[in-house]
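Heads up, the thing below is written out as structure tokens.
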Amino acid sequence: MSAAARAVDVWKVYGSGEAQVIALRGVNLEVERGKFTAIMGPSGSGKSTLMHCLAGLDSVTRGEVAVGDTRVTGLSDAGLTRLRREKVGFIFQQFNLLPTLTAEENITLPLAISGRKPDKAWYDTVIQTVGLGDRLGHRPSQLSGGQQQRVACARALVSRPEVIFADEPTGNLDSRSGADILGFLRRSVSEFGQTIVMVTHDANAASYADRVIFLADGRIVDEIENPTAEAVLDKIKSLDTLAVSEDRVEVAE
Amino acid sequence: MLRATLKSLLARKVRLVLSGLAVLLGVMFVSGSFVLTDAIGRSFDNMFSSALAETDVLVTAKPAIEVSEMEGEPVPGLLTAADLRRVQEIAPSAIGEISVDGARVIGSDGKVVTTYGPPRMGGNWTGEVGGLRLHEGVAPQKADEIVVNAALAKKAGIKVGDQVGVLTTKPKQTFKLVGIFGYEGGLDSRGPVDEVRFTDAVAQELMLGAEGYTSITVNSDKSPAALRDELKAGLGDRYVVQTGEEAAAAMANSFKAVLDVMNKILLGFAGVALFVGTFLILNTFSIIVAQRTKELALARALGAGRGQMIGSVLVEAVVIGLVASVLGLAAGVGVGALLAAYFANFTSLQLAGIAVPAAAVISAFTVGIVITVIAALLPAVRASRVPPVAALQEVATPDRPLTKLTAAGAIVTAAGGGAIAYGLRQQSLWFLMGGVLAAFVGVALLSPFVARPAVAMLGRLFSWSVPGKLGRLNSGRNPRRTAITAAALMVGIALVTGVNTIMTSAERSMRGDVAATFKADLVISGQESPGVQPTFDPVLLPRMQQVSGVDSVVATYADQIAVNGKPAYAQVQTDLPTVARLVSATTVAGTIAQPGPGEVVVDDNRGHALGDTVTVRSAKGTEKTYRVIGIFADTNLFGGYQFGADAIEGMRGGQPTFAYVDLADSADPAAARTALEGLLADSPEMRVQNQKEYIDNQTGEVAQFLLMVQVLLGLAMLIAVLGVVNTLALSVLERTREIGLLRAIGLGRMATMRMITVEAVVITVFGALLGLAVGVGLGSAVVEGLADEGLKELVLPWQQMGLYLGVGAVVGVLAAILPAIRAARTNVLGAIAYE
Ligand SMILES: Nc1ncnc2c1ncn2[C@@H]1O[C@H](COP(=O)(O)OP(=O)(O)OP(=O)(O)O)[C@@H](O)[C@H]1O
Ligand SMILES: [Mg+2]
């Protein structure tokens, strides 16, 4: 069985000449189906870039990306649109919802766009899991940040995409609301077999995942399976000292 | 603060361009009309002065009938042969000239050569004076010889030696073309005027119907001023004695009145354009202020005062106004020059060169800057009210209550309605226009209140698809913005709908009258042709009478007169009682019998009582008194002064211009018509028409007028389109993140475009509906107000209204193109990674 998403020797270069930034340097990654993968790393290490490339939101400079059986690299806009419609779900850090639509309409929007009817039983399950029952008729401006993120999760789940990509979904929330969201993501992986890739800064958030990938300077430098928060923190520390000593080496040269 | 303002201005180039464009178009229209009328005016000045360059002094008679500017051309006074002799006693070289509009040459193709407006002069050949030069051939010497100017000869396709038919106040007569003349400087024509010149006697008979002259040209070796004074002293005050220069200036001046009217009409449309533009600028600045709430609040938090906030927005407005004025002026000069060149080419006028009159510059800058600043004032005040805390808060969609706005709108609308009603009652154009303007502003203020439910309803039409639904929701999002954008379109559509409603109602009332009261089966009438009354030969009347199926033919003679000094029209019916029967005239007093010599029958609207004596001055200048022997009720069909045959000799043509034909019940109308047309072969401009054709023809002008109004208001539509583009472009910009999100969750490019298009169409259709409602309101108010003038019925122009609604939708689709493309191109990543 193929991976839910795959990156093969992916390079991403922004700009050229003086202003050139190499965000990804030959990243190889297989996102396992039915697993919760977290991506961690210092700011500017290329986490978001990697996720955007995997999701087909950004093109790669070199290498190849695939979601499921679909080769993302080289798809036309129409192809990418179809990919996003059918195979990918997104949860962003903020501004996830359309202010003109109610929570319920926001949740069913991807289905409506692709002209599909929601599967009633699945829809009810999702709604129940996120616990939004009495808030469905409200507009985003009438919901708290945590509630808004739950709506966003429900929206990503309801179309049962091959992969859900979440970029710091709890970055703007307090720890309790964050925990709710993470718990909910975890359950959708464990109970419904959803594949999720999540970018995070938070070791605690990463501990909800099945596997944590560590990025530094555009390269995958390490990974942990079935992490605990402590293990993740330890790993970050060790990577930091590594980076610092590397800096020293450079200075010494 | 100033530098910050200018920087933020530059940062929003698109907005700058779009809102500036509205001002630019308005300014262009204003300055363009000044440049155009200035160039044409000076060209005509040149033309008149070159025509009179070789004339020292010109003697004319005071007009036979003075007419105010609004009522048309005055009837020129005639100089008699005795007058000429008197002038010649003082200055022996004096020449009597005849020059009268209405000599129509029949071209080699058998068609009457037309100028589309400018005069077709008929006169006498007085030799190579006054700038005239014979190009080929000889001067006319016999009664059947003519010369024409070279441009006319070319147009008509005639050459020296040809037999040429000419229509004058008399039906067609054939002449031999013996010469072709031009003008000093080798010109083929002097302006747009066609000229036919006969011998003196023929010119008098055909053009004047009297032995006389229209002017006397005098040249001598004295100075023109001295000669003028001498002539003035010798002739007395029945004459107008002017030097050539004075006469040229006077002619140019009377022509200026025409140009002035043209300029006013153009400026009127420029006003509409600017009025609509004001909405656009107001909207742009409102949006800019709304989008900059954070920035403004930050400035406030950093200690900027309210005055500074207002100042900063107004400085933006002044800069936009200034730039738009400069560009608008430049564009106006270009457009004015282009139109002047086109006009000159079309009328073979020697263009005097393009200049930029001070009026164009002054009005461009005043209008451009003042309008922009006024439009920006409200948003500026709003900007100053942004509280500093807004910098710290999430920007919510401004959803302030509409109560105040709605109340103000209701008051202004009511005031406007009141002014319209008052204006109609008092016949005051100012009150009427002010009222219409106020009504527009009032409705614009009311429209946000209506926008939400209206947009919700309209949007249902599109809600079957997801993009449609999203588009509808977006257009309902900010009712103020939607309403103002729609208001710009409303103005144009309301104006055309209003005018159309009035016209349609007038037409229907007229048709209704005619159907009920008009009993003549056929009418013989002349083609509408400015300055010319086509006629037919009265000797045909007995032969028409003998056409099989014809019961009776009544011919009408008509010309201008002055009754007790007031200008009016005289008619002579060959059989008044029959006409009275054919038009169902009702007797008010006395009898409607055929008037004998010194008798007149008149309608009840002229303020005469039975037995009154009136003094009538004929177009030829003779005076006579008449006694009122009958009064009938005035209708749309029939009215005015009805004289007996003795009044014909005072008329310039002395030929019938119209005839009523009553057919026997058993008659074959088609056959009778063909026979009548055959008899009229020498009067190609006279037509035989049945009732329906006749009425259609009468109302045809209305249709043309409407067309012109619609074309000119197209400019208002154009600005409205800019407004919609602007609003949409700003909304798309504002919602970049949302659009990115939609694209991220799978909304395709086409669907994104459809969403924006629906938003636009909902806005414009809303504007169109608003415009239709306001237009019908205004139109029916005017129809109501004019009920006494014969507007009996209110008829709505449903077909055109449907068309305007369609135009509204199309405008929406067009306006959406660019913003939609822009939205579809939204870089998903850029949008969501933003900030
Ligand atoms: N559009 C862009 N143009 C140029 N450089 C970019 C662009 N987007 C990202 N970068 C650069 O690429 C590198 C990786 O950025 P990326 O956003 O992936 O980092 P990140 O790991 O998500 O950081 P953070 O934790 O701060 O979100 C950074 O050095 C960033 O400056
Ligand atoms: Mg990031």
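Chain identifiers are assigned alphabetically (A, B, ...) following the order of the sequence lines, protein sequences preceding nucleic acid strands; residue numbering begins at 1 within each chain.
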(request) Working to the nearest 0.5 Å, report the span between CZ of Phe90(A) and CG of Leu741(B). (result)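 Answer for the CZ-CG pair, Phe90(A) versus Leu741(B), is 10.0 Å.
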
Is the closest side-chain donor-acceptor distance between [X] and [Y] under 3.5 Å?
| X | Y | value |
| --- | --- | --- |
| Ser114(A) | Arg116(A) | yes |
| Arg150(A) | Ser177(A) | no |
| Ser144(A) | Gln147(A) | yes |

(request) Apply salt bridge (Lys or Arg N to Asp or Glu O under 4.0 Å) to Asp77(A) and list each qualifying residue two or more places apart in sequence or on a separate chain. (result)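 Partners of Asp77(A) under the salt bridge (Lys or Arg N to Asp or Glu O under 4.0 Å) test: Arg743(B), Arg749(B).
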
(request) Over all heavy atoms of both residues, which pair between Gly748(B) and Thr81(A) is shortest? Give the atoms and the distance, please. (result)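 Closest approach of Gly748(B) to Thr81(A), heavy atoms only: CA-CG2, 3.4 Å.
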
(message) Give the interface residues of residues 105-113 of chain A toward chain B, defined by a heavy-atom separation under 4.5 Å.
(response)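 Result: Glu105(A), Leu109(A), Pro110(A), Ala112(A), Ile113(A).
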
(message) Give the interface residues of residues 6-29 of chain A toward chain B, defined by a heavy-atom separation under 4.5 Å.
(response)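 Contacts with chain B: none.
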
(message) Is Leu97(A) close to chain B through its backbone or its side chain, or both, or neither, when contacts mean heavy atoms under 4.5 Å?
(response)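 It is the backbone, since no side chain atom gets that close.
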
(request) Using a strict cut-off of less than 4.0 Å between a Lys/Arg side-chain nitrogen and an Asp/Glu carboxylate oxygen, indicate whether Arg160(A) and Asp119(A) qualify as a salt bridge. (result)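 Yes, charged N to carboxylate O under 4.0 Å.
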
Give every donor-acceptor pair under 3.5 Å between a side-chain atom in residues 754-763 of chain B and any protein atom, sequence neighbours left out.
| from | atom 1 | to | atom 2 | distance (Å) |
| --- | --- | --- | --- | --- |
| Thr757(B) | OG1 | Met753(B) | O | 2.7 |
| Glu759(B) | OE1 | Arg735(B) | NH2 | 2.7 |
| Glu759(B) | OE2 | Arg735(B) | NH2 | 3.0 |

(message) So for atom CZ, which belongs to Arg825(B), do other residues, nucleotides or ligands contribute more than 12 heavy atoms lying within a distance under 6.0 Å?
(response)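 Result for CZ/Arg825(B): open.
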
